[in-house]
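Step one of this worksheet: look at the structure below.
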Amino acid sequence: FYALLPIVLWSATRMTRTARPPKILLAAVALWALTFGAELCHHGAASFYWFYVFPPIRLPDFTIGILLGIAFLKRSAISRTGLRPTTRELLVVGGIILATLVSPAFPASVRFSALSLPFSAALISVFARQGGAISRFFSAPAFVRLGEISFAFYLVHLLVIDALALTPLSYLAAIPTALVISLALSFVLYHGVEEPFRRLLCSTFMVRAAGPSAAS
């Protein structure tokens, strides 16, 4: 998906260049509905692999995220909902809780992908505006730092859990141990790998975009 990002992003931006946010959102919803329907129609032991683990099948999710990102950047046309920012945040959190409560009624492949996708998208969209009381609370430096290292945490936490499963630690002791080790490794990865490479990539592309005169 990282390798495909330039192609998918270029195609999506080109197709939506003159489209207004409602049309972009409609395209994302249509793609989600196709994915949701396909997952609901296929059951069995292999469905979790083919509809959740198998990488190519997640390309629609990836494309939907790009479409929603483009719609958000054009959000001025859809930002007037009439609701207070805190109310929007409470509603979207309630939606996440509701989706979690009803999720056991769906197959695992649906539960972890298509079912959660619209609620997760709404959560990101609403909290990215940073206008409500909940988002102000999570704007504290400690939470911002946790957000920065969250991708590294996603990469390492299962490895840590699998490693601790081979130790004699009890389940209750392994939980805080896994959390502490995962946070520590995430901090190291973010500051030692992710952030340096991000700065390198940004500076490289900025120099090339500026032209030879700026580089000299």
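This is a predicted model, so every value here is computed, not measured.
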Do the non-hydrogen side-chain atoms of [X] and [Y] ever get within less than 4.5 Å of each other?
| X | Y | result |
| --- | --- | --- |
| Phe127 | Ile134 | yes |
| Phe106 | Phe112 | no |
| Thr177 | Val160 | no |
| Ser113 | Arg58 | yes |
| Leu117 | Trp32 | yes |
| Phe187 | Arg145 | yes |
| Leu34 | Pro60 | no |
| Phe153 | Leu189 | no |

Working to the nearest 0.5 angstrom, can you tell me the gap between [X] [atom1] and [Y] [atom2]?
| X | Y | atom1 | atom2 | answer |
| --- | --- | --- | --- | --- |
| Leu179 | Ser186 | CG | OG | 9.5 Å |
| Ser182 | Leu155 | OG | CG | 11.0 Å |
| Leu166 | Asp162 | CG | CG | 7.5 Å |
| Thr35 | Leu59 | OG1 | CG | 9.5 Å |
| Arg88 | Arg129 | CZ | CZ | 5.5 Å |
| Tyr52 | Ile57 | OH | CD1 | 13.5 Å |

Between [X] and [Y], what is the shortest heavy-atom contact and its length?
| X | Y | value |
| --- | --- | --- |
| Leu67 | Ala12 | CD2-CB, 4.3 Å |
| Leu164 | Ala174 | CD1-O, 3.8 Å |
| Ile24 | Ala71 | CG2-CB, 4.0 Å |
| Ala28 | Leu68 | CB-CD2, 4.0 Å |
| Lys74 | Arg17 | NZ-O, 3.2 Å |
| Leu115 | Ala99 | CD2-O, 4.2 Å |

Can a donor-acceptor pair be found, under 3.5 Å and without considering hydrogens, that links the side chain of [X] to the backbone of [Y]?
| X | Y | answer |
| --- | --- | --- |
| Arg136 | Gly131 | yes |
| Thr16 | Ala19 | no |
| Ser150 | Gly147 | yes |
| Thr167 | Ala163 | no |

Spell out, yes or no, whether [X] and [Y] are grouped together once hydrophobic residues are joined by side-chain heavy atoms under 4.5 Å, including indirect joins.
| X | Y | result |
| --- | --- | --- |
| Leu123 | Phe138 | yes |
| Val93 | Leu98 | no |
| Leu159 | Ile149 | no |
| Ile66 | Met15 | no |
| Ile70 | Trp10 | no |

query: Ion pair present between Arg199 and Glu195, side-chain N to carboxylate O less than 4.0 angstrom?
result: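 Result for this pair is yes, salt bridge flagged.
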
- prompt: With no hydrogens and no angle check, do the side chains of Ser135 and Glu89 hold a donor and an acceptor under 3.5 Å apart?
  reply: yes

- prompt: In terms of ring plane angle, is the pair Phe54 and Tyr49 parallel, tilted or perpendicular, where the classes change at 30° and 60°?
  reply: tilted

- request: Could you give me the CA-CA distance, side-chain angles and deciding distance for Phe143 and Phe137, then say whether ring-ring contact (aromatic ring centres under 6.0 Å, His included) is met?
  value: CA-CA 9 Å; Phe143 292 121; Phe137 173 77; 5.3 Å; yes

query: Considering residues, nucleotides and ligands other than Tyr154, do more than 12 of their heavy atoms fall under 6.0 Å from its OH?
result: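 Not buried by this count: 12 neighbours or fewer within 6.0 Å.
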
